[in-house]
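Values below: all heavy atoms of this structure, side chains included; hydrogens, waters and symmetry mates excluded. Values in this document were obtained by computation on a predicted structure and should not be read as measured data.
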Amino acid sequence: MDYYHISAQDLGKDAKIPVVKLGDSGEVFYEIAMEMVNTIKAHNEKGEKTVFICPVGPVGQYPIFVRLVNRDRISLKNCWFINMDEYLNDDDTYIEKESPLSFRGFMERTVYTKVDPDLLMPPEQRVFPDPADPGKVDRLIEELGGVDIAFGGIGINGHLAFNEAREDLTAEEFAALGTRALTLTPETRTANAIGDRCGAIDAMPHRAVTIGIKQILVARKVRLGVFREWHRSVVRQAAYGEVTAHFPASLLQNHPDAIIFTNALAAGQPF
């Protein structure tokens with residue numbers, strides 16, 4: 001695992017996924033917000049729809065995006081925002097939208113109620129994967145003609161959305177997985193508990209519904225943002241490590257237009 005020792009200066013050199021090194025986390029969020037805004041504006045000018053896969057993590061891009069949409073009067077009427085995932089109860093129903101952990105609640109509070117209603121897309125174009133009909137999102141993406149950009153981050157075990165690492169599948173088998181409900185790994189629950197529950201692992205949900213890794217990999221573009229200290233290791237493993245279901249982000253090495261945006265903290269020497 002020599003890639004762990006790649007210096008901050010050399011990070012990105014000969015990378016199998018392009019790595020764009022920026023200053024602070026605000027620059028990472030700004031780059032993502034501008035990718036969103038510029039794509040929508042270009043498509044609006046041509047009368048074309050825009051389809052994004054959207055994360056709740058990273059999230060710092062959303063206040064910037066909302067401000068620019070409202071300021072520049074950018075219509076979202078021909079946009080589809082398909083969120084990556086959502087936490088589930090043990091019976092595979094959505095957690096309550098009012099929960100501070102709910103991604104549906106986050107998007108409502110932070111994006112959809114902040115955009116001028118005259119610019120906002122209708123509710124049916126604000127989509128979450130459905131645990132009762134996991135294939136619904138996959139069918140919608142096919143009907144829409146694909147995804148323009150899949151945005152996201154990289155999880156502690158390399159997961160994209162909640163496509164958790166698998167030891168029992170080849171990279172090819174893993175890449176074919178569609179939208180589904182699944183059990184979260186202890187690593188993911190622990191890492192998320194640190195950020196969202198002050199370390200209370202037992203307060204974290206065990207189940208989630210996630211968009212398929214297949215849907216992310218076939219998006220025309222993929223843009224990932226990493227900005228935490230522990231991202232120093234995962235960005236190197238994604239960009240330089242073996243392509244394997246053990247570390248899902250590594251599958252983007254085979255994508256024709258994937259970029260990882262990293263701030264100075266995440267680009268630092270891991271050990």
Query - Criterion side-chain contact (heavy atoms from CB on, under 4.5 Å) on S233 and Y3, from CA distance to verdict - result: CA-CA 8 Å; S233 296; Y3 47 77; over 6 Å; no

Does [X] belong to the same Ile/Leu/Val/Met/Phe/Trp/Tyr cluster as [Y], with side-chain heavy atoms less than 4.5 Å apart forming each link?
{"X": "M36", "Y": "V111", "value": "yes"}
{"X": "V59", "Y": "L224", "value": "no"}
{"X": "W230", "Y": "V19", "value": "yes"}
{"X": "L119", "Y": "I64", "value": "yes"}
{"X": "L22", "Y": "F65", "value": "yes"}

Determine yes or no for a side-chain-to-main-chain donor-acceptor pair under 3.5 angstrom, with [X] supplying the side chain and [Y] the backbone.
{"X": "N70", "Y": "K114", "answer": "yes"}
{"X": "D130", "Y": "A132", "answer": "yes"}
{"X": "H43", "Y": "C79", "answer": "no"}
{"X": "R236", "Y": "R232", "answer": "yes"}
{"X": "T93", "Y": "N89", "answer": "no"}
{"X": "T39", "Y": "E35", "answer": "yes"}
{"X": "N163", "Y": "P248", "answer": "no"}
{"X": "N83", "Y": "I53", "answer": "no"}
{"X": "K21", "Y": "A267", "answer": "no"}
{"X": "Y240", "Y": "G12", "answer": "yes"}

Whether [Y] and [X] form a salt bridge (side-chain N of Lys/Arg under 4.0 Å from carboxylate O of Asp/Glu) is what I want to check.
{"X": "D138", "Y": "K214", "result": "no"}
{"X": "D257", "Y": "R223", "result": "yes"}
{"X": "D202", "Y": "R197", "result": "no"}

Using atom types as modelled, flag every donor-acceptor pair under 3.5 Å from a side chain in residues 146-162 to any protein atom, sequence neighbours excluded.
{"unit_1": "D148", "atom_1": "OD1", "unit_2": "R220", "atom_2": "NE", "d": "3.4"}
{"unit_1": "D148", "atom_1": "OD1", "unit_2": "R220", "atom_2": "NH2", "d": "3.1"}
{"unit_1": "D148", "atom_1": "OD2", "unit_2": "V51", "atom_2": "N", "d": "2.8"}
{"unit_1": "N157", "atom_1": "OD1", "unit_2": "H159", "atom_2": "N", "d": "3.3"}
{"unit_1": "N157", "atom_1": "ND2", "unit_2": "E164", "atom_2": "OE1", "d": "3.0"}
{"unit_1": "N157", "atom_1": "ND2", "unit_2": "T185", "atom_2": "OG1", "d": "3.3"}
{"unit_1": "H159", "atom_1": "ND1", "unit_2": "A161", "atom_2": "O", "d": "2.6"}
{"unit_1": "H159", "atom_1": "NE2", "unit_2": "T188", "atom_2": "OG1", "d": "3.3"}

[X] side, atom [atom1]; [Y] side, atom [atom2] - distance, nearest 0.5 Å:
{"X": "Q125", "Y": "T50", "atom1": "CD", "atom2": "OG1", "value": "10.5 Å"}
{"X": "Q61", "Y": "L68", "atom1": "CD", "atom2": "CG", "value": "12.0 Å"}
{"X": "S250", "Y": "F174", "atom1": "OG", "atom2": "CZ", "value": "9.0 Å"}
{"X": "F103", "Y": "K97", "atom1": "CZ", "atom2": "NZ", "value": "14.5 Å"}
{"X": "I211", "Y": "T179", "atom1": "CD1", "atom2": "OG1", "value": "5.0 Å"}
{"X": "N263", "Y": "D24", "atom1": "CG", "atom2": "CG", "value": "7.0 Å"}

Give a yes-or-no answer on whether the side chains of [X] and [Y] include a donor-acceptor pair shorter than 3.5 Å.
{"X": "N192", "Y": "Y87", "result": "yes"}
{"X": "H206", "Y": "T183", "result": "no"}
{"X": "E86", "Y": "S102", "result": "yes"}

Min side-chain heavy-atom separation [X]-[Y] under 4.5 Å:
{"X": "M204", "Y": "L184", "value": "no"}
{"X": "H246", "Y": "Q237", "value": "yes"}
{"X": "L101", "Y": "P205", "value": "yes"}
{"X": "P100", "Y": "F106", "value": "no"}
{"X": "V37", "Y": "I74", "value": "yes"}
{"X": "F261", "Y": "I32", "value": "yes"}
{"X": "T113", "Y": "E108", "value": "yes"}
{"X": "I260", "Y": "V20", "value": "no"}

Can you give me the closest heavy-atom contact between [X] and [Y], atom names plus distance?
{"X": "K16", "Y": "Q253", "value": "CD-OE1, 2.9 Å"}
{"X": "E96", "Y": "R104", "value": "C-NH2, 3.9 Å"}
{"X": "D92", "Y": "A181", "value": "OD2-CB, 3.9 Å"}
{"X": "V222", "Y": "I216", "value": "CG2-O, 3.6 Å"}
{"X": "V28", "Y": "T262", "value": "CG2-C, 3.8 Å"}
{"X": "V137", "Y": "P129", "value": "CG2-CA, 3.6 Å"}

Report task. Evaluate side-chain contact (heavy atoms from CB on, under 4.5 Å) for R126 paired with L120, printing each intermediate quantity in order. Result -> CA-CA 10 Å; R126 313 170 213 162; L120 187 62; 3.2 Å; yes

Report task. Check step by step if side-chain contact (heavy atoms from CB on, under 4.5 Å) holds for V115 and M121. Result -> CA-CA 10 Å; V115 172; M121 75 280 277; over 6 Å; no

Hey, is [atom1] on [X] packed in by over 12 heavy atoms from elsewhere, all under 6.0 Å?
{"X": "D2", "atom1": "CG", "result": "no"}
{"X": "E142", "atom1": "CD", "result": "no"}
{"X": "Q269", "atom1": "CD", "result": "yes"}
{"X": "Q9", "atom1": "CD", "result": "no"}
{"X": "Y30", "atom1": "OH", "result": "no"}
{"X": "K77", "atom1": "NZ", "result": "yes"}

Requested in this report: Show your working on side-chain contact (heavy atoms from CB on, under 4.5 Å) between D85 and F128 and close with a plain yes or no.
Outcome: CA-CA 7 Å; D85 41 27; F128 273 81; over 6 Å; no

Query - Aromatic plane relationship, F29 with F227 - under 30° parallel, 30 to 60° tilted, over 60° perpendicular - result: perpendicular

